[in-house]
Asker: 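This is the structure I have questions about; it appears just below.
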Amino acid sequence: MPGLSWFFIIALIPGLLIGLALSYAIYQSERNSLEEGAQRTARALLSAIDSELIKAQFTVVTLSKSESLMTPNLGAFYRQASEVAAAVGSENNFVLSDVQGWQLLNTARPPTDTLPRHGNPAQFRKVAQTGLPVISNLYTGAVLKRPLVSIDVPVTHDGKLVYVLSVGLLPEQFNNLLAEQKLPDDWIATVLDAQDTVVARNLSPARMIARKATDDLRQQIASHGRGTMASRSLEGNPTFLAYEKSDTTGWTVVVAMTKDVLYRDLYRLLTLVALSLVGFIGSGLLLAWIFSSHVRQALKALGAAADAATLQEHDVHAPTTSGIHEIDRLAGQFNAMHEAQKKLETTIRRMAFHDPLTSLANRRLLMDRLHQAIASNKRTERHGALIFLDLDNFKSLNDSQRHAAGDLLLIEVAARLKQSVREVDTVARFGGDEFVVLVIDLDGDEAVATSEAMLIAEKIRARLAEPYHLPIQSEGQLDTVVEHHCTASVGVALFAAQEMDLDVILDLADATMYEAKKAGRNRVHLAKPVPAP
């Protein structure tokens, strides 16, 4: 009997090893997904940081063209700069310096105060020498005596430098940007300037701002503009991190997570496998003791196959269905895990978020944005709208000029749609000649929001109704430009923050679009309000 029990144990080991390998493969796939998510998050955060810096640069460049500076009327300019600072946020202050670097006015201080020189002489000299706007690294302001970043632009008159206008940005402004991203609690996001100095951080910002990044991270950033690596946090904890460096500003965003986050799922999985192993072996021994007569039949068949192989007989086949439930179940678990892995790989391959022809968002991305918009409406008590549209004369173009012309039309329609809405709105293609526009951040009052949505929809309808000039290519012939007239039937569905199936909102906009098409095409119809669930 002990020999039979050992046979069961040995027979179980290969299956358990396969299960362990597959479990680790699944863990590795999940870890890769987590790493890719960290890289995408770093990229998105960097885009937000770059946008903030570019917006601030645009503001100070615009202010540098003030008539008050050309007169000059510094008192009037001080008032104007103070108003702009109050409008853009309390974290900003404007500084005007003369060509020697002495501050003439600073909106953080009364206009009568005596002011020091510019707090970053090297930055000042670079602006004066290049005549171009410059985004600084982190330094201590001469007036505020706090770490800050400045964007300095030259002010010229008759081709001659007369002033340097600067805007100061405090780290709190970038910390607020990080907080708005709603990162997982155990993720650490860090913003580094072009010299790899911490400008903002969502964990312990007061202690970490103005510190340098770790040496290994700085080396990686210098050699590779983006990537992932194992390192240590500024607190000294082992971490995995993803980083992304901006080609525009030279700044870097780092998203890190402790190794506990990466390994805790593996520890849980290994514990589960170990417990399963103990129970499985115990059950196998018990079954070997009780059902030995049934196992002997399988051993006889296996022995017969082994004997036949020893005799080098042809067509030797050992039965694969022994009738032992545990072994058969192990094979079934293997097949199920393999199928799960194939489905996971298929899902990853299909995780493209954009239409390949027009580069617009696809349905999956639109539905994700719609979910975010409803969540945002809950916080802000504002409205959003789905604008569903279908081209009226698309088939006639395909019939007369073939599909290449149809593709050109769809690309041009996509471009016009994007030009007709704000950057915060989402334009998506659902396939064929159907497009959907998600408009967010409409007024909290339903009537006003409806008016805003209809105005945007009418703007889109009118823009799409303008003639199209499509360059048609033919083999061996010069390109010909075909003028095509195409209109759109548009359905508009307003939504607020009520909990409801996202497809219901989409179907309502779709149905309203068909009402517009039935009513004569080239028109906009508004859906009835979405009922509360």
Side-chain angles (χ1 to χ4, degrees), residues 354-367 369-370 385-423 425-439 450-494 503 505-528:
H354 293 83
D355 172 57
L357 175 64
T358 64
S359 297
L360 295 178
N362 59 14
R363 182 187 184 99
R364 179 172 184 171
L365 179 56
L366 177 75
M367 298 306 280
R369 298 274 177 84
L370 179 56
L386 271 185
I387 302 175
F388 203 112
L389 58 96
D390 182 269
L391 302 182
D392 295 327
N393 304 315
F394 181 69
K395 186 176 183 300
S396 64
L397 179 66
N398 268 346
D399 293 342
S400 61
Q401 300 295 334
R402 300 185 178 178
H403 290 286
D407 289 347
L408 290 174
L409 177 63
L410 293 174
I411 293 170
E412 176 61 21
V413 167
R416 293 187 183 188
L417 287 173
K418 291 169 67 175
Q419 294 166 2
S420 301
V421 297
R422 304 163 299 177
E423 288 191 9
D425 301 325
T426 300
V427 181
R429 181 190 175 207
F430 270 30
D433 57 348
E434 291 184 338
F435 296 84
V436 179
V437 178
L438 171 61
V439 181
T450 300
S451 177
E452 292 174 340
M454 291 298 288
L455 185 63
I456 295 171
E458 181 59 33
K459 177 183 176 182
I460 290 173
R461 184 205 63 76
R463 184 71 176 96
L464 297 185
E466 296 175 6
Y468 296 83
H469 298 89
L470 308 174
I472 307 301
Q473 296 180 346
S474 303
E475 280 191 42
Q477 300 179 13
L478 296 176
D479 292 354
T480 58
V481 177
V482 174
E483 181 174 306
H484 180 71
H485 294 270
C486 178
T487 59
S489 299
V490 184
V492 180
L494 197 70
D503 288 327
I505 304 175
L506 188 62
D507 291 343
L508 181 61
D510 187 16
T512 307
M513 178 273 293
Y514 278 106
E515 290 177 4
K517 191 173 285 291
K518 291 178 181 178
R521 304 186 176 186
N522 192 22
R523 60 193 63 212
V524 177
H525 274 205
L526 175 66
K528 295 180 180 179

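We're numbering straight along the sequence, starting at 1. Model, not experiment: these values are computed from the prediction.
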Asker: Taking the side chain as C-beta and beyond, is there a heavy-atom pair between R363 and L366 under 4.5 Å?
Answerer: no
Asker: Determine, step by step, whether D503 and M367 satisfy the side-chain contact (heavy atoms from CB on, under 4.5 Å) criterion, reporting the C-alpha distance in whole Å, the side-chain angles of both residues, the deciding distance to 0.1 Å, and the verdict.
Answerer: CA-CA 8 Å; D503 288 327; M367 298 306 280; 3.2 Å; yes
Asker: Say you draw a straight line from NZ of K418 to OG1 of T358; how long is it, rounded to the nearest 0.5 Å?
Answerer: 8.0 Å
Asker: How far apart are the C-alpha atoms of K459 and I456, what are their side-chain angles, what is the distance that settles it, and do they pass the side-chain contact (heavy atoms from CB on, under 4.5 Å) test?
Answerer: CA-CA 5 Å; K459 177 183 176 182; I456 295 171; 5.5 Å; no
Asker: Give, for atom CG of L408 and atom NE2 of H484, the distance between the pair rounded to the nearest 0.5 Å.
Answerer: 11.5 Å
Asker: Indicate yes or no: does R461 engage E458 in a salt bridge with an N to O separation below 4.0 Å.
Answerer: yes
Asker: How long is the straight-line distance from CZ of F394 back to CG of L409, given to the nearest 0.5 Å?
Answerer: 6.0 Å
Asker: Nearest 0.5 Å please: distance from the CZ atom of F388 over to the CG atom of D507.
Answerer: 8.5 Å
Asker: Give the intermediate values and the outcome of side-chain contact (heavy atoms from CB on, under 4.5 Å) for residues I387 and V524.
Answerer: CA-CA 9 Å; I387 302 175; V524 177; over 6 Å; no
Asker: To the nearest 0.5 Å, what is the distance between CG on D407 and CD on E412?
Answerer: 13.5 Å
Asker: When the side chains of residues 465-472 are checked against the rest of the protein, which donor-acceptor pairs come out under 3.5 Å, sequence neighbours left out?
Answerer:
from	atom 1	to	atom 2	distance (Å)
E466	OE1	R463	NH1	2.6
Y468	OH	L464	O	2.8
H469	NE2	E483	OE1	3.1

Asker: Please give me the minimum heavy-atom distance between A453 and A385, naming the atom from each residue.
Answerer: CB-CB, 3.8 Å
Asker: Which value, rounded to the nearest 0.5 Å, describes the distance between L417 atom CG and I460 atom CD1?
Answerer: 6.0 Å
Asker: For N393 and C486, work out which heavy atoms get closest and say how close.
Answerer: ND2-CA, 3.9 Å
Asker: Would V439 and E452 count as a side-chain contact (heavy atoms from CB on, under 4.5 Å) if you check the C-alpha gap in whole Å, the side-chain angles of each, and the deciding distance to 0.1 Å?
Answerer: CA-CA 10 Å; V439 181; E452 292 174 340; over 6 Å; no
Asker: F435 pairs by side-chain contact (heavy atoms from CB on, under 4.5 Å) with which of D355, L360, D390?
Answerer: L360
Asker: Could you work out, with salt bridge (Lys or Arg N to Asp or Glu O under 4.0 Å) as the rule, every residue matching D392, not counting sequence neighbours?
Answerer: K517
Asker: Considering non-hydrogen atoms only, spot the tightest contact between L526 and T512 and give its length.
Answerer: C-CG2, 3.7 Å
Asker: Without hydrogens or angle criteria, can the side chains of T426 and R369 be said to hold a donor-acceptor pair below 3.5 Å?
Answerer: yes
